[in-house]
Amino acid sequence: MNALELSGVSKSFGDHVVLEQVDLVVSEGTIMALLGASGSGKTTLLRIMAGFEVVDAGTVTIGGVVVDDGTTAQAPERRRVGYVPQDGSLFPHLSVEKNVLFGLPRARRRRGAADGLLEQVGLAGLGGRRPDELSGGQRQRVALARALALDPRLILLDEPFGALDESMRAEVRDEVIGVLRALDATAILVTHDQDEALSVADRVAVLQHRSVVQEGPPEMLYEHPADPELAKFLGEANVLEGNRTGVRASTALGEVLLDDDCAGCSGPVRVVLRPEQLGIVEAGEGTPGTVVRHQYFGHDAMTHVATSGDLLLAVRHEPRRRLQPGDAVGITVLSPARAFEKDPKTPSE
Amino acid sequence: MTLTAPAPGATRRRRGDQHPWLTLLAWIVAIGVLMPLAFLALAATQAGWSSVAQVFFRRLTMTLLVDTVVMTVLVTMVAAFLGVAAAWILERTDVPFRRTLLVLLIIPAAIPDFIETFGWINLAPWLHGLFGSVFVLSLAVYPFVMLPVAASLRRIDHRHEEVAASLGTGRVGVILRVTIPAVRTAIAGGCLLVALQLLAEYGSFEMLGYRTFTTEIFTEFQVGFNTQIAAALCIVLVVMSALLVWGETVVGRGGRRAVASEVVAAPKLRLGPWRIVALGALVVLVVAAFGIPVLSIASLLISPGPAVLPSASLLGAVGYSLFYGVCAASLATIGAAAIALGSQRARSRLRRAPGTLALVPLAVPGVVVALALSYVAERYGGGRWYETSPLLIVGYAVMFLPLALIGIRSSLDQVPASLTEVAASLGSSRSAQLRRVILPLIAPGLGAAFALVFLSTITELTATLVMIPTGVATLATDFWTFQTNLSYGQAAPYAAAMIVLAAPPLVLLARLGQHRGEHHR
């Protein structure tokens, strides 16, 4: 069964249209990342699911029950939807244990009743602490335990790791996702971080231009984005103009093999190559170019190379190769590229 | 399976809006607060424009206007200088005994101005007129500038000053071009409080023999209650107060607060040999504003004289002061809480309006509120409410509700919306959110509001003199009676009792102020 269905959801604040005709289906037990740039409306969409905002049009269905259809909306307190805000929003006047037990009926708010949940999120023994005695990551895990205590049908996490230090983020993220997976929970994770979305979620929905432009497993989105713009949003991408004949396209990098097998396709295309699909070779081999910028990251390195025809290409490669701006190099294509039919109506950038 | 039946408990509502009944309650309180003033305007217009104009343009009104403005401007300027200088020395230099000095410098804020004046006049009967007023009142009111400026100096990000210094600005230039503009809002707010207080003050100026609008209105009331003249004078007074409030918003608007995620505290300026000078200056201020008046009253208490402690009468006055203080504080706190909650995070103007309207009495001198309420009670109450305890309590509540409202609202603003949203997602109804999340979190704010209104009520003189039921006496009215008869020795115990009663709420306020914000990190 589907845990959540959004259909034709639209929302404006005054004249400002935030969401337009959003459709989204999340099946039970899925962890979905809702990925969008800041201001794309992803938090508004999450708040609509939680019931903090009502839709102007469209329907929201949770667990088979319509909770908002544009005329009536079920109050958030009746939805059984867990909500974990960015900063955790622990009740500052209550201990960790009382925070976790907040949503339970009074009879079940006994001392020790939260122990199991706290252990689950790796905070056994911290029930007596006050929220301001916890680290950011601990607070986030308490917020998760608090949401889980009610056995919600759906858990919403609004940029839950955004406020954490870089060093702590990965650890807390792995723990939180681990807990959700262990419980086979359905969760929606709002994020603006592509790496986070791609690495932790079962499926990713990309919110752009006020609606969901593509939804699917991470690898599908990364390797088969719906358009070049989406390709760039999901990670760095070089976009080249080309002309297609069968499974090959002629570009500034010469003849490039394409990754689909549309043998009969032809015409002008835009070819997308990820930086890791390009390689740097000695000058004289491949397509000639000049190093413009070289960035060292430790685990790999990124070099921007200018080729003839004002093309600036990003190449990801082994860190051992140290290059200086001005060095002459050659560029090769390492794997088949993705081609998009060029829309004759939109002029190239 | 897809059911399309509407979910149970489905209702349409907008985010953040409170219970409709809470909004209704907010409106009722706001209207209750404003109604007497509306009646006053009505009374003035009933007399007809020509007779009102006659009052407006008679020579006495002009003289009063000039005298009131001159005194207000001078006292505010001196108090602003004292307040800003004291705040800067306390917050930005390595002056010794900082904490003790801070407490001692704040205390005059809790001592009623007429008690301070009494203390000074007892020692220096020659203090009189404009000079006497500026001298005594400046010492009485500077804490109202010092407090917000000190708080603001603590909050502003010192990095701005460092940046200015790194751009080649000298020390004085940094103060003038960066520090002062950054605390400008606080200075303007403090000056507004001071000026409004001066416009409303009766007791001090009466003792000092300086005529202002308020003393004149009071005299009109006592000599022969001429409603029209009093109402017309009240209107001038209210207009002056309103102009001040407007002026403050204009000045305060320029001071945009830079939002810093973390505030870097400024290192204390090393004064070197000047430390002694700064310490001496602050000690002189403490002695003049607090030491001398209190010692003067104490000397009256212990000096053998005709003063036999009127213990029964004193106890009775303490009892009434406490009774009125507790009743007024409860009423104002509940009313202010209703308004604050009812207009919290409201999007519609209809829901926000009570919060703004209820602030109006802030700019209305107590004597005006008192006269308006008395007028309404006499005219429409069939004489049943005129000069009764309930009316007096309502009067206090109306006068001091804005103080309670400001405090409660700021503590409510510190409760993030996400907390009530989380509570909702955990199944709490709106009343449960109020009971289990909002009220526990704003409890310190409610306590502070109660303490502030209590403090203000037991030290209130002007409105009390107008509205006190016959045969009832509070500390303030008994003090005033003896003082008026120049029985300083007999007045002193009442003054001392007022200072003693004011101490616990003051300590409570200071405690709550310290703890504030500790929760919401």
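Residue numbering restarts at 1 for every chain, and letters A, B, ... go by the order of the sequence lines.
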Q) Which value, rounded to the nearest 0.5 Å, describes the distance between Leu441(B) atom CG and Leu94(A) atom CG? A) 8.0 Å
Q. Counting heavy atoms not belonging to Glu133(A), are there more than 12 under 6.0 Å from its CD?
A. yes
**Q.** Over all atoms of both residues, closest heavy-atom pair of Leu150(A) and Leu426(B)
**A.** CD2-O, 3.5 Å
(Q) Is the shortest side-chain heavy-atom distance between Phe102(A) and Val437(B) below 4.5 Å? (A) yes
Q: Measure distances from Ala149(A) to the heavy atoms of chain B and classify the residue's part below 4.5 Å as side chain, backbone, both or neither.
A: neither
Q: Could you check Ser425(B) against Val81(A) for side chain to side chain contact (heavy atoms under 4.5 Å, CB included), going step by step and ending with a plain yes or no?
A: CA-CA 6 Å; Ser425(B) 78; Val81(A) 168; 5.8 Å; no
Q.
Under a 4.0 Å threshold between the charged nitrogen and the carboxylate oxygen, would Arg47(A) count as salt-bridged to Glu421(B)?
A. yes
Q: Check each atom of Leu90(A) against the heavy atoms of chain B and say whether the ones under 4.5 Å are side chain, backbone, both or neither.
A: backbone
**Q.** Polar side-chain atom of His93(A) near backbone of Ile442(B) as donor-acceptor pair, under 3.5 Å
**A.** no
Q.
Counting only heavy atoms not in Arg111(A) (residues, nucleotides, ligands), do more than 12 fall under 6.0 Å from its CZ?
A. no
Q: Select one option (side chain, backbone, both, neither) describing which atoms of Ala443(B) are under 4.5 Å from chain A's heavy atoms.
A: neither
Q.
So Pro92(A) and Leu419(B), do their side chains get closer than 4.5 Å, heavy atoms only?
A. yes
Q. Distance-only, no hydrogens or angles: does the Arg146(A) side chain make a donor-acceptor pair with backbone N or O of Val422(B) under 3.5 Å?
A. no
